[in-house]
Protein chains: 4
Amino acid sequence: MPKIVDHDRYRKELLRKSFDLFAKKGYGSISMRQIARGIGVSTGTLYHYFPSKEVLFEQLIEEITQQDIIRATAEIEKLETTDEKIKCLFNFLDREEDYFLKQVLLYVNFYQQHQNREVLKRTYQRCRDAFMESSKITDPAIASLILSVIDGILLQRAFDRQSVSLQQQGELLAQMLSAYLDQ
Amino acid sequence: MPKIVDHDRYRKELLRKSFDLFAKKGYGSISMRQIARGIGVSTGTLYHYFPSKEVLFEQLIEEITQQDIIRATAEIEKLETTDEKIKCLFNFLDREEDYFLKQVLLYVNFYQQHQNREVLKRTYQRCRDAFMESSKITDPAIASLILSVIDGILLQRAFDRQSVSLQQQGELLAQMLSAYLDQ
Amino acid sequence: MPKIVDHDRYRKELLRKSFDLFAKKGYGSISMRQIARGIGVSTGTLYHYFPSKEVLFEQLIEEITQQDIIRATAEIEKLETTDEKIKCLFNFLDREEDYFLKQVLLYVNFYQQHQNREVLKRTYQRCRDAFMESSKITDPAIASLILSVIDGILLQRAFDRQSVSLQQQGELLAQMLSAYLDQ
Amino acid sequence: MPKIVDHDRYRKELLRKSFDLFAKKGYGSISMRQIARGIGVSTGTLYHYFPSKEVLFEQLIEEITQQDIIRATAEIEKLETTDEKIKCLFNFLDREEDYFLKQVLLYVNFYQQHQNREVLKRTYQRCRDAFMESSKITDPAIASLILSVIDGILLQRAFDRQSVSLQQQGELLAQMLSAYLDQ
DNA sequence: CATGAATGAGCCTTCATTCAT
DNA sequence: AATGAATGAAGGCTCATTCAT
């Protein structure tokens with residue numbers, strides 16, 4: 001009989017614990033040793049659950065994307081109009097700006113270190129599809145544009161904290177979209 | 001004329017030569033040794049002109065931002081309407097998408113390695129101011145939003161090459177803005 | 001019949017299955033984990049049957065040496081003259097050159113990792129004795145020389161595939177020996 | 001003006017100093033750190049002179065092969081008959097048996113770790129050519145056979161110290177060859 | 001001014017073995 | 001008997017920077 005450890009459950013626990021560590025230092029700047037120590041296991045154990053840093057991070061992305069989509073959907077699905085949904089989404093993102101900024105930076109950093117576009121592409125598409133679903137926006141270009149704005153603002157505000165906030169830009173964007181659709 | 005001039009001229013030449021190397025490998029992934037070798041000088045010489053990798057890169061940013069603003073301004077200043085200017089800008093960026101994507105990635109990477117927000121903030125503000133100047137957009141929030149869209153699209157397309165292009169989104173954004181302003 | 005039999009039978013089965021894995025990667029380059037996985041058991045089970053990688057390999061050597069001696073003897077014992085026997089032996093080895101080269105490499109690798117000379121010495125002596133027995137060569141020096149030639153050629157051809165083949169050298173050696181003995 | 005170090009001379013000095021370390025522990029079992037420490041430099045310095053452990057070893061092989069060929073040639077070139085030359089060569093090798101055994105083991109170990117056959121092939125061919133040149137043996141197969149015997153005996157005696165010595169086998173081989181050629 | 005040799009901490013990853021279950 | 005989780009030292013190699021010349 002094997003040691004009683006639910007491999008998969010424990011793996012996800014390790015993933016969860018590792019997010020903060022990645023977020024704090026960035027993908028390329030935190031070492032597997034640091035992650036292991038921060039989580040409270042040996043490097044050997046870490047490699048027992050994940051074959052490489054790259055795969056560890058990929059799995060982390062999949063996990064948190066899933067959670068984030070659930071949370072964002074919960075926020076906006078109860079609302080009526082697209083206008084409200086957009087404002088609400090930007091509001092939600094604004095409230096957790098630090099968290100989402102860290103994600104963007106993490107993704108970019110990961111992309112730079114490996115060729116690996118796959119996970120990021122998949123992640124982006126899942127976000128866009130989920131957003132289209134719950135916002136009733138049917139034009140992919142518009143959905144894409146809105147997501148671009150989010151990433152762009154997060155980045156901009158990473159560099160310049162005084163730049164316009166997500167909430168403010170959310171309202172502006174919602175108005176622009178209304179005007180455009182009402183045309 | 002004192003030697004200062006030659007020193008300065010040579011410094012800028014080194015900067016110019018180093019851009020491609022940074023662009024090709026990313027800020028964190030190219031070493032000072034590789035840069036030196038690629039440029040054709042010794043590491044000692046590189047450190048003679050730039051006190052650190054960080055400073056070298058800061059100066060590089062300042063240089064290329066200046067050049068890019070000049071080029072972008074030249075593209076759009078001759079046009080009449082804001083609508084045309086936006087479309088033209090996105091067109092310009094689309095034509096050199098790879099180049100501008102590399103820049104965004106470079107900036108993010110630099111930001112992650114050092115805490116150094118200063119240069120990036122300054123750079124962003126210079127871009128926004130120049131854009132407001134030449135596009136006749138007076139609302140900083142709108143200008144900011146447009147720049148956000150650009151960065152966001154570049155990033156998105158880094159991950160998913162099939163995502164909507166800068167040119168297409170430029171047209172959509174221009175229409176939305178027109179509708180919004182004509183309200 | 002006690003369980004001992006099953007235990008022993010299973011042990012030999014594990015040995016048999018592990019040879020290919022050792023051969024493919026070399027003694028030092030394959031890990032116990034890889035062997036276990038390749039065989040289809042857990043590392044724990046492997047260590048249940050063999051106290052260490054070293055012992056596992058020792059037992060493996062004993063097993064395959066026994067098999068190889070049987071096969072080689074079968075090849076040459078039916079022949080009449082020493083001359084024919086030598087040619088036949090080299091022919092046999094040539095046909096399975098890859099297999100025997102792997103063995104030599106494995107032995108050397110094992111010798112280098114541990115100081116352990118014992119098994120290898122025993123193995124070599126068993127081979128020489130068996131060869132003297134079945135080839136009717138009574139001078140140990142001559143038998144030894146012939147075996148040296150075999151190992152030497154295998155090694156030489158490991159480095160230089162164009163080097164003279166076992167078969168060709170077998171004929172040359174047989175002629176030299178005939179000339180020497182006929183003197 | 002650069003630091004006054006004759007790069008090439010120093011490189012060869014490092015090579016010379018590293019041989020004993022390789023010989024003592026084997027190619028795969030000594031680490032670059034251990035070599036660096038043993039030589040008295042930092043790992044960084046070692047990597048300044050050699051791009052990798054593999055290349056370091058390749059260069060080491062080339063160096064010592066050159067030296068060994070010179071020494072072996074000096075030993076046998078003054079002699080008259082092929083018979084004497086062979087005996088003399090085996091005598092020479094016997095006197096430095098430990099040294100030459102280490103080389104064989106090193107080569108095998110290196111071959112196992114990398115695919116890299118190139119250097120070893122080149123080295124072997126240089127040895128054979130030099131031997132043919134100075135021994136007046138014109139048949140490549142015979143030269144090859146003699147070299148095989150040497151490697152084979154070294155290996156055999158690595159495993160079994162009581163096995164027949166190089167010197168003894170040299171005499172036997174010389175006689176066999178004489179008989180064969182006199183036929 | 002310019003050179004490039006030198007540093008040594010740190011990177012990701014692997015390993016034989018142990019032992020609780 | 002059998003499992004596989006856990007260990008942590010050690011592997012090859014890179015890096016920004018310093019400094020003697």
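Every value quoted in this text rests on a predicted model; they were computed, and no experiment measured them. Reminder, nothing fancy here: chain letters follow the sequence lines and each chain counts from 1.
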Report the distance from atom [atom1] of [X] to atom [atom2] of [N], rounded to the nearest whole Å.
| X | N | atom1 | atom2 | answer |
| --- | --- | --- | --- | --- |
| Arg11(C) | dA2(F) | CZ | P | 14 Å |
| Phe50(A) | dA6(F) | CZ | P | 11 Å |
| Arg37(C) | dT14(E) | CZ | P | 12 Å |
| Ile35(B) | dT3(E) | CD1 | C1' | 18 Å |
| Leu46(B) | dA2(E) | CG | C1' | 12 Å |

Q. What is the ring orientation for Tyr111(D) with Phe159(C), classed by angle as parallel under 30°, tilted 30 to 60°, or perpendicular over 60°?
A.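 The arrangement is perpendicular - the two ring planes meet at more than 60°.
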Q. Among the nucleotides dA2(F), dT3(E), dC1(E), which one has an atom lying closest to any side-chain atom of His7(B)?
A.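 Of the options given, the side chain of His7(B) lies nearest dC1(E).
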Q. How does DNA chain F look in dot-bracket notation if pairs are Watson-Crick or G-U with both distances under 3.5 Å, crossing ones as [ ], other-strand ones as |?
A. .||||||||||||||||||||
Q) OH of Tyr49(B) to NE2 of His7(B): how many Å apart, nearest 0.5 Å? A)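 The NE2 atom of His7(B) is 5.0 Å from OH of Tyr49(B), to the nearest 0.5 Å.
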**Q.** Gap between atom CD of Glu62(D) and atom CZ of Arg126(D) - 0.5 Å precision
**A.**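 Interatomic distance, Arg126(D) CZ to Glu62(D) CD, rounded to 0.5 Å: 5.5 Å.
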**Q.** With Glu13(C) via side chain to side chain contact (heavy atoms under 4.5 Å, CB included) - residues at least two apart
**A.**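 Residues passing side chain to side chain contact (heavy atoms under 4.5 Å, CB included) with Glu13(C): Tyr10(C), Arg16(C), Lys17(C).
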Q: Kindly give the heavy-atom pair with the smallest separation between Tyr47(A) and Lys53(A), and that separation in Å.
A: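 Here Tyr47(A) and Lys53(A) meet closest at OH-N, 4.4 Å.
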Q.
Using a 4.0 Å heavy-atom cut-off to protein, can you give one letter per nucleotide of nucleotides 8-13 of chain F, 5' to 3': B if the base is in contact, S if only the sugar-phosphate is, - if neither?
A. BBBBBB
Q. Quantified in whole Å, what is the P atom distance between nucleotide dT21(F) and nucleotide dC1(E)?
A.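 Approximately 22 Å lies between the P atom of dT21(F) and that of dC1(E).
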**Q.** Side-chain touch Glu63(A)/Phe19(A), heavy atoms, less than 4.5 angstrom
**A.**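 No. Closest side-chain heavy atoms not under 4.5 Å.
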Q. Are side-chain heavy atoms of Arg11(B) and Gln59(B) found at a separation under 4.5 Å?
A.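 Yes, at least one pair of side-chain atoms sits under 4.5 Å.
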(Q) What residues from residues 14-21 of chain C pass a heavy-atom cutoff of under 4.0 Å to DNA chain E? (A)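 Nucleic-acid contacts, sorted: none.
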Q: For Thr123(B) and Val119(B), indicate whether the former's side chain and the latter's backbone hold a donor-acceptor pair under 3.5 Å.
A: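 At least one qualifying donor-acceptor pair exists.
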Q | Thr65(D) side chain to Ile61(D) backbone, donor-acceptor under 3.5 Å | A |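 Between the backbone of Ile61(D) and the side chain of Thr65(D) there is a qualifying donor-acceptor contact (under 3.5 Å).
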Report all side-chain donor-acceptor pairs from residues 99-106 of chain D shorter than 3.5 Å, counting only partners two or more places apart or in another chain.
| unit_1 | atom_1 | unit_2 | atom_2 | d |
| --- | --- | --- | --- | --- |
| Tyr99(D) | OH | Asp68(D) | OD1 | 2.9 |
| Tyr99(D) | OH | Asp68(D) | OD2 | 3.1 |
| Tyr99(D) | OH | Gln103(D) | NE2 | 3.1 |
| Gln103(D) | OE1 | Tyr107(D) | OH | 2.8 |
| Gln103(D) | NE2 | Asp68(D) | OD2 | 2.6 |

Could you pull out every donor-acceptor pair under 3.5 Å between side chains of residues 20-36 of chain C and any protein atom, sequence neighbours left out?
| unit_1 | atom_1 | unit_2 | atom_2 | d |
| --- | --- | --- | --- | --- |
| Tyr27(C) | OH | His114(C) | NE2 | 2.5 |
| Ser31(C) | OG | Gln34(C) | N | 3.1 |
| Ser31(C) | OG | Gln34(C) | OE1 | 3.2 |
| Arg33(C) | NH2 | His48(A) | ND1 | 2.7 |
| Gln34(C) | OE1 | Ser31(C) | N | 2.8 |

Q: Please determine if a side-chain N or O atom of Tyr49(D) lies less than 4.0 Å away from the OP1 or OP2 oxygen of dA6(E).
A: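 Yes, because at least one side-chain N or O of Tyr49(D) sits under 4.0 Å from OP1 or OP2 of dA6(E).
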